[in-house]
Amino acid sequence: MTKPIQIARPNPLDIPEIEAFFEFILTDTFERNGYFDLSALKDSEIKLKKEMIRMDLLTENPEHFFLVAKMEDGTIVGTIATGPANEDILECTQNAYEGIPEIGTLFIHPEYQKQGLGSEMIKEIEKYLQLKGHESYCLDSGYKLAQKTWTQKFGEPQYLIKDHWGEGADHMIWKVKIRSTSFL
């Protein structure tokens, strides 16, 4: 990463910028993946992410735990979250991953992709999960470009659901063992 970026917990004052980031990044993600005919799914995904960040930052017992990547000027360029495995993961694995935390909502601004920021964010959320006593996590993706990245990083998915999102739009699910870290 060429510019200084801090990965940390967001605060409630960050909510409007995070919500704007979700609108931008999900629109960009759907377009880059060629999912032009899935605008209702995109809109529902944006709404869900907004609800998740609000629940995390504005309630006492949130299901999800977010981290954001911020530039020195406070601009948000990345997000990541962990929480219980989502409905797609549970349904597609026939509940095999129930009780295993999921890492999701990992989005990096296009100008900061392919620079190691996503890997750094994963390391930080892995530290949190390890402190909570977890040895592994799961993640899923229906985005073709992200699937290539995850396959390079984590190997072949444990589950591949063909045409889950429509013809040629597969869904992939991985289970990942947390790497040992020296901070403990």
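Owing to the predicted nature of the structure, the values given are computational and were not obtained by experimental measurement.
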Original post:
Measuring from L67:CG to K127:NZ, what's the distance to the nearest 0.5 Å?
Top reply: 10.5 Å

**OP:** Taking the side chain as every heavy atom from C-beta outward, state whether V68 and F21 have any pair of such atoms under 4.5 Å apart.
**Re:** no

Original post:
Between I161 and C92, which heavy-atom pair has the shortest distance, and what is it?
Top reply: CD1-CB, 3.7 Å

Original post:
Do the side chains of T82 and F66 get nearer than 4.5 Å, heavy atoms only?
Top reply: no

Original post:
Hey, does M55 have a side-chain heavy atom less than 4.5 Å from the side chain of H64?
Top reply: no

Original post:
Between H171 and D140, does a side chain to side chain donor-acceptor pair (under 3.5 Å) hold up when you go through it step by step?
Top reply: CA-CA 7 Å; H171 194 70; D140 68 335; 2.8 Å; yes

**OP:** State, to 0.1 Å, how close D170 and D163 come at their nearest heavy-atom pair, and which atoms those are.
**Re:** OD1-N, 2.7 Å

**OP:** Answer yes if L90 and M52 sit in the same cluster of Ile, Leu, Val, Met, Phe, Trp and Tyr residues linked by side chain heavy atoms under 4.5 Å apart, and no otherwise.
**Re:** no

**OP:** Give, for atom CD of Q113 and atom CG of L145, the distance between the pair rounded to the nearest 0.5 Å.
**Re:** 8.5 Å

Original post:
Considering the options K50, K49, R54, which one meets the side-chain hydrogen bond (donor to acceptor under 3.5 Å, both in side chains) requirement together with E19?
Top reply: R54

Subject >> L117 CG to I80 CD1 distance, which is reported to the nearest 0.5 Å >> reply: 9.5 Å

Original post:
Heavy atoms, side chains only, cut-off 4.5 Å: are T27 and E31 in contact?
Top reply: yes

Original post:
What pairs with S136 under side-chain contact (heavy atoms from CB on, under 4.5 Å), at least two apart in sequence or on another chain?
Top reply: I100, K175

**OP:** Measure across P110 and I25 and return the closest heavy-atom pair with its distance rounded to 0.1 Å.
**Re:** CD-CD1, 3.7 Å

**OP:** Working to the nearest 0.5 Å, report the span between OG of S141 and CG of L106.
**Re:** 10.0 Å

Original post:
Do K70 and V77 have side-chain heavy atoms sitting under 4.5 Å apart?
Top reply: no

**OP:** Any chance you could lay out the salt bridge (charged side-chain N to carboxylate O under 4.0 Å, His left out) test for D43 and K47, step after step, and finish with the verdict?
**Re:** CA-CA 6 Å; D43 293 343; K47 181 181 177 190; over 6 Å; no

Original post:
With a 4.5 Å limit on heavy-atom distance, are the side chains of E45 and L26 in contact?
Top reply: yes

Original post:
Which residues pass the ring-ring contact (aromatic ring centres under 6.0 Å, His included) test with Y97, sequence neighbours left out?
Top reply: Y159

Subject >> Worked verdict on S119 versus K153 for side chain to side chain contact (heavy atoms under 4.5 Å, CB included) >> reply: CA-CA 9 Å; S119 293; K153 187 167 188 68; 3.1 Å; yes

Subject >> Test item: Q115 side-chain N/O and E111 main-chain N/O as donor-acceptor pair under 3.5 Å >> reply: yes

**OP:** Could you go through the side chain to side chain contact (heavy atoms under 4.5 Å, CB included) check for K132 and F65 one step at a time?
**Re:** CA-CA 12 Å; K132 294 290 186 181; F65 175 88; over 6 Å; no

Original post:
Measuring from K123:NZ to Q130:CD, what's the distance to the nearest 0.5 Å?
Top reply: 13.5 Å

Subject >> Pairwise side-chain contact, Q158 with W174, heavy-atom cut-off 4.5 Å (strictly under) >> reply: yes

**OP:** Using a 4.5 Å cut-off on heavy atoms from C-beta on, say whether the side chain of L58 contacts that of I15.
**Re:** yes

Original post:
Any sub-3.5 Å donor-acceptor pair from Q6's side-chain atoms to A69's backbone N or O?
Top reply: no

Subject >> Y112 and M71: CA distance, side-chain angles, deciding distance, side chain to side chain contact (heavy atoms under 4.5 Å, CB included) verdict >> reply: CA-CA 11 Å; Y112 298 90; M71 301 294 299; 3.6 Å; yes

**OP:** Take I122 and F154 through the test side chain to side chain contact (heavy atoms under 4.5 Å, CB included) and record every step on the way to the result.
**Re:** CA-CA 12 Å; I122 290 170; F154 300 121; 4.3 Å; yes

Subject >> Where P10 and L57 come nearest, the two heavy atoms and their spacing >> reply: O-CD2, 3.5 Å

Subject >> Cation-aromatic face contact R9/Y128, 6.0 Å, 45 degrees >> reply: no

Subject >> Main-chain N/O of G83 paired with E102 side-chain donor or acceptor, under 3.5 Å >> reply: no

Original post:
Can you name the closest pair of heavy atoms from N11 and L13 and give their distance?
Top reply: OD1-N, 2.7 Å

Subject >> CD/E63: more than 12 non-hydrogen atoms of other groups inside 6.0 Å >> reply: no

Original post:
OG1/T79 to CZ/F22 distance, rounded to the nearest 0.5 angstrom?
Top reply: 4.5 Å

Subject >> Shortest non-hydrogen contact between I89 and L139, atoms and distance >> reply: CD1-C, 4.3 Å

Original post:
Any donor and acceptor pair, going by atom type alone, linking the side chain of E135 with main-chain N or O of I178 inside 3.5 Å?
Top reply: no

